[in-house]
Amino acid sequence: MTILGEGNTPLIEAPRLSAELGARVHVKCESLNPTGSFKDRGMAFAVGRAVERGAHTVVCASTGNTAASAAAYAARFGVRAVVLTPEGATATAKRAQARAVGAHVVELEGTFDDALRCCRELAQEDGFELVNSVNPDRLDGQATLVPELVEQLGTAPDLIALPYGGGGNSSAIALGIERAGIATKLLGGEARERPTTFASAIRIGEPAHAENIDRLRESGRLEVVTLSEDEIRDAWLALARAEGVFCEPASAAGLAALRRSRPVEGALVVCVVTGHGLKDAGAVPEDDRPTVAPTVAAILEAIA
Ligand code: F0G
């Protein structure tokens, strides 16, 4: 039973990226969750359990996807959602998603880190609950990706590559790996230009889960690759143009990390695509070709 249809997302093969990387590359389409991002698995748990504990308001800080997800589950569970977004830094469609389902979207004069700090304070109010990934229920929900993947593949993958923003998803998937008793390694891609990257979903200066990420690195379970803007952009376009998978730029950070660190020959690899391309359609470069006359000749000339 699901709440809004979260989970059970498609796992697809990526034949051209497999040939490029000499590995068996798969794409896990978390972008096909109900609100278009991986957040829904954890949010179904977090909002559901908050309501069981008597919360009437859920609060989160967000670059957009957490906001859209929290807002949708709050609507479904009949409670209020208050989402704080950094001013001018979130994709329009994500704020529209949150507003459409009735959330209070408050833009803050500040960064994501400022918004998270405010949320932690706001969550002290009576009946308020924080549903950012520092809430352990979020991690419980997101950890369900791992057994689902193992079932879809029929075996444990060698490597799971994913974006590293605040580190909640990496922590959740590490937890899932531990619970499943498998030896799968993690590869996280982070933007070098954290606070200003064009991949707006991961515009996070100070990762909330940094300590856990360091522990995972020290124990050899996770490797982090720091990516340039071009590496993220190239991976984003490659996923779209080589495989037909249109994700938002941040979601390609796992693939970008994989391209840099090169998997072991023949390894079974899963790239987690975290958010849908329609979330941030404005990131797609404009086509600067002019409008043409309605004739075949003009059209052929335009596409030559
Ligand atoms: N990919 C997408 C599409 C995201 O929206 C996020 C985080 C991440 C990757 C990074 O995941 O933080 O768990 O390491 N988005 C948050 C938000 C910050 O507010 O929607 P992480």
Side-chain angles (χ1 to χ4, degrees), residues 4 30-31 33-40 42-44 46-47 50 55-77 79-125 128-135 138 142 163-169 190-191 193-209 232 247-251 253 274-283:
L4 291 175
E30 287 296 284
S31 45
N33 272 297
T35 75
S37 86
F38 74 99
K39 308 282 182 182
D40 294 339
M43 209 54 88
V47 178
H56 54 67
T57 301
V58 294
V59 298
C60 66
S62 182
T63 57
N65 284 327
T66 300
S69 185
Y73 286 90
R76 178 65 173 74
F77 283 106
V79 294
R80 183 167 66 154
V82 176
V83 307
L84 307 185
T85 61
E87 186 183 23
T90 52
T92 309
K94 297 175 184 177
R95 288 196 311 280
Q97 273 187 294
R99 284 201 312 276
V101 294
H104 295 269
V105 180
V106 183
E107 279 212 292
L108 286 194
E109 297 167 357
T111 62
F112 173 83
D113 306 306
D114 294 323
L116 186 56
R117 179 179 45 76
C118 289
C119 270
R120 288 182 197 263
E121 282 177 41
L122 204 54
Q124 304 302 315
E125 299 283 317
F128 282 51
E129 192 152 336
L130 184 68
V131 292
N132 278 101
S133 64
V134 292
N135 177 331
R138 281 279 309 282
Q142 283 168 217
Y164 167 30
N169 206 28
E190 69 174 350
E193 293 169 42
R194 274 187 164 271
T196 57
T197 174
F198 91 105
S200 64
I202 51 171
R203 230 171 248 165
I204 297 172
E206 298 164 37
H209 296 268
I232 298 173
C247 63
E248 59 174 296
S251 298
T274 49
H276 203 287
L278 293 175
K279 292 264 196 182
D280 195 4

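These figures come from a predicted structure and were not determined experimentally.
Of the possible polar contacts, one joining the Lys279 side chain to the Thr35 backbone as a donor-acceptor pair under 3.5 Å is found. Proximity of a side-chain donor or acceptor of Ser31 to a complementary backbone N or O of His276 within less than 3.5 Å is not detected. For the pair Ser251 (side chain) and Gly275 (backbone), a donor-acceptor distance under 3.5 Å is present. Although no hydrogens or angles enter the test, the distance criterion places a donor-acceptor pair under 3.5 Å between the side chain of Asn132 and the main chain of Ala61. Put simply, the side chain of Asp113 gets close to the backbone of Glu206: a donor and an acceptor are under 3.5 Å apart.
Side chains of Phe112 and Arg203 form no contact here, defined as non-hydrogen atoms less than 4.5 Å apart. Between Val82 and Leu84, the closest side-chain pair of non-hydrogen atoms falls below 4.5 Å. Between Asn65 and Phe38 the shortest side-chain heavy-atom distance does not fall below 4.5 Å. Counting only heavy atoms from C-beta outward, the side chains of Phe128 and Arg80 approach each other to under 4.5 Å. Side-chain contact between Leu130 and Asn135: absent, with no pair of heavy atoms (C-beta onward) separated by less than 4.5 Å.
Under a cut-off of 6.0 angstrom, the local environment of CZ in Arg76 is sparse, with at most 12 non-hydrogen atoms contributed by other residues, nucleotides or ligands.
Closest heavy-atom contact between Ala201 and Thr63: O-OG1, 2.8 Å. The two atoms that bring Arg194 and Gly205 nearest to each other are CD-O, 3.9 Å, heavy atoms only. Scanning all heavy atoms of the two residues, the minimum distance from Asp280 to Pro249 falls at OD2-CD, 3.9 Å. For Gln142 against Asn169, the heavy-atom pair with the smallest separation is NE2-OD1, 3.0 Å. Heavy atoms only, all atoms of each residue included: Ala123 and Val59 are closest at CB-CG2, 4.1 Å. In terms of heavy atoms, Ala71 sits closest to Ala81 at CA-CB, 3.9 Å.
For Lys94, the salt bridge (Lys or Arg N to Asp or Glu O under 4.0 Å) partners at least two apart in sequence or on another chain are Glu248.
How far CG of Leu116 is from OG of Ser62: 10.5 Å, rounded to the nearest 0.5 Å. In this structure, SG on Cys60 lies 8.0 Å from CZ on Arg138, to the nearest 0.5 angstrom. Going from atom CD1 of Ile204 over to atom CD of Glu190 covers 11.0 Å, rounded to the nearest 0.5 Å. Interatomic distance, OG of Ser69 versus NZ of Lys39, reported as 8.5 Å (0.5 Å rounding).
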Residues Arg95, Thr90; criterion side-chain hydrogen bond (donor to acceptor under 3.5 Å, both in side chains); working and verdict: CA-CA 7 Å; Arg95 288 196 311 280; Thr90 52; 2.7 Å; yes
Can you give each donor-acceptor pair under 3.5 Å made by side-chain atoms of residues 100-110, sequence neighbours left out, with the distance rounded to 0.1 Å?
unit_1 : atom_1 : unit_2 : atom_2 : d
Glu107 : OE2    : Gly88  : N      : 3.2

